[in-house]
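Notes follow once the structure below has been shown.
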Number of protein chains: 2
Amino acid sequence: MDATTERLLAAAREIFEEEGFRGATTRKIAARAGVNEVTLFRHFANKEELIGAAIERGHREAVERLAAHPLPAAPRDLEAELRPYLRLVLRAFSASGRGVRTALAEWEHLPAFHAWLMGPSEAVLAEIERYLRAAAGSGLLRPGADPAAVTHLLVAALFSHGLLPAMMPERFEGGAEASFERCVDVVLDAIRPDRDRRSDQ
Amino acid sequence: MDATTERLLAAAREIFEEEGFRGATTRKIAARAGVNEVTLFRHFANKEELIGAAIERGHREAVERLAAHPLPAAPRDLEAELRPYLRLVLRAFSASGRGVRTALAEWEHLPAFHAWLMGPSEAVLAEIERYLRAAAGSGLLRPGADPAAVTHLLVAALFSHGLLPAMMPERFEGGAEASFERCVDVVLDAIRPDRDRRSDQ
DNA sequence: GGATACTGAAAGCAAGTGCTTGCATGATAG
DNA sequence: CTATCATGCAAGCACTTGCTTTCAGTATCC
């Protein structure tokens, strides 16, 4: 792809994530791309098309990165399989936390981008739920554990640990990742079959 | 308080929650308040002061409403005490979901309002953690259960169930509240002392 | 060398923005 | 009745924003 187009897309994505649709002016985007504003309009019909393309590309890449490290099709060990996956997702999520917050706020104003905006979250949710259902089928989950509810809990933990630490860091002493791991501990402990239950301390 | 001031504050809060700081123009706010734009500047020095006052008032009210229904000082029954409290908070949170999303996005641009914006969340977090620590002291929690981690999990569930259903409703079939209750089930079950453990189904 | 394609610089335009000024009007208090 | 006060209305100002037009420079391909 054209190098100028590339730089424009990257700049558009950065500024949109920081400032939202309204704040991402064509002048700012062109400046960060090191390009004349006129050139911007020679490559994209208008501002909406540019930002749309930038969002689409960014989220397509995110989905691809996630798909490159899927959970196993046949669950064997929740601790060894689910935890590293969640760690990976949290890291990706935290990295794009600023953009996620912007997307949340602009939701109603960007109906054309809904599919792209939710793509990564949808993918993670579906992947975890599929895995947990398979695990339940293999007897790796405590009978009575609800895979859908557990999925929602884990996604909720991902969500809040990806967004909140930037805003209330004093509540995440020891780091967001450590706090997240402790939350995963609680969930994994809740769904482990009784015979395996931890009784430390 | 002056009726005009009142209407201006209400209008400012509504439009700020829908459109953010940049989108909340003084003309829009004045129009929704049914007031001339000049009158707006006769009541508030500038746009920032108006929106700041609107946010401050809204969140102070939220904190007061939460403080009116606290968790008991001495925990006796997690199921009977914690669950209704969480239900209440979720309802309040969902009602202001639109505003929360805007606040998340505008975070970096509104440093003057940080304290007010995080107030309600901080209050809920502190209240739950206090309660759970007391519960742990009374032997109502399974030994080894980490009150801080459980608090984070519950707040995460509140957070995601307050925000996400508006954006991916098909993932919350049966309603956000039902999904939330199932998440609370998982958490409560995780921290219950072993002797009380559910073994239904 | 000439045609083509991409770019930058300068200027501008129509709409919208925060905010101000000047003046007229109606209600309220003394 | 008069003085005060809050408000509405019209106009405007300086600035930003999305987007356009015109012209000139430069690299590439044949």
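Within every chain, numbering begins at 1; the chains are lettered A, B, ... in the order of the sequence lines, protein sequences first and strands thereafter. Keep in mind that this is a model prediction, so the values were computed, not measured.
Nucleic acid contact class of B/A3 (heavy atoms, under 4.0 Å, all strands): none.
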Task: B/E127 vs B/Y85, side chain to side chain donor-acceptor pair (under 3.5 Å): CA-CA, chis, key distance, verdict - done: CA-CA 10 Å; B/E127 178 74 351; B/Y85 177 78; 5.0 Å; no

- [ ] Give the intermediate values and the outcome of salt bridge (Lys or Arg N to Asp or Glu O under 4.0 Å) for residues A/E18 and A/R32.
- [x] CA-CA 13 Å; A/E18 294 166 11; A/R32 182 162 315 184; 3.3 Å; yes

TODO: Tell me, with the steps shown, if B/E106 and B/R22 meet salt bridge (Lys or Arg N to Asp or Glu O under 4.0 Å).
DONE: CA-CA 9 Å; B/E106 311 259 316; B/R22 262 185 267 253; over 6 Å; no

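Straight-line distance from the CD atom of B/E6 to the P atom of D/dA6: 17 Å, rounded to whole Å. Atoms CZ (B/F44) and P (C/dG18) sit 15 Å apart, rounded to a whole Å. Distance B/R27 CZ to C/dC19 C1': 9 Å, rounded to the nearest Å. At whole-Å resolution of the value, CD in A/E48 and P in D/dT17 are 18 Å apart. The interatomic distance linking B/I51 (CD1) with C/dT17 (P) rounds to 13 Å, in whole Å. For the pair B/K47 NZ and D/dC15 P, the interatomic distance rounds to 18 Å; values are reported in whole Å. Computed from coordinates, the B/L8 CG to C/dG18 P distance equals 14 Å when rounded to whole Å.
Heavy-atom distances to DNA chain D give each of B/T5 and B/R22 a nearest nucleotide, and the one nearer the 5′ end belongs to B/T5.
Between the side chain of A/R98 and the backbone N or O of B/A105, at least one donor-acceptor pair lies under 3.5 Å.
Side chains of B/R192 and B/L78 form no contact here, defined as non-hydrogen atoms less than 4.5 Å apart.
Aromatic pair B/H161/B/F93: ring centres not closer than 6.0 Å.
A heavy-atom distance below 4.0 Å to DNA chain C is reached by these residues of residues 28-43 of chain B, ordered by number: B/E37, B/V38, B/F41, B/R42.
Side-chain nitrogen and oxygen atoms of B/T4 include at least one within less than 4.0 Å of the OP1 or OP2 phosphate oxygen of D/dT7.
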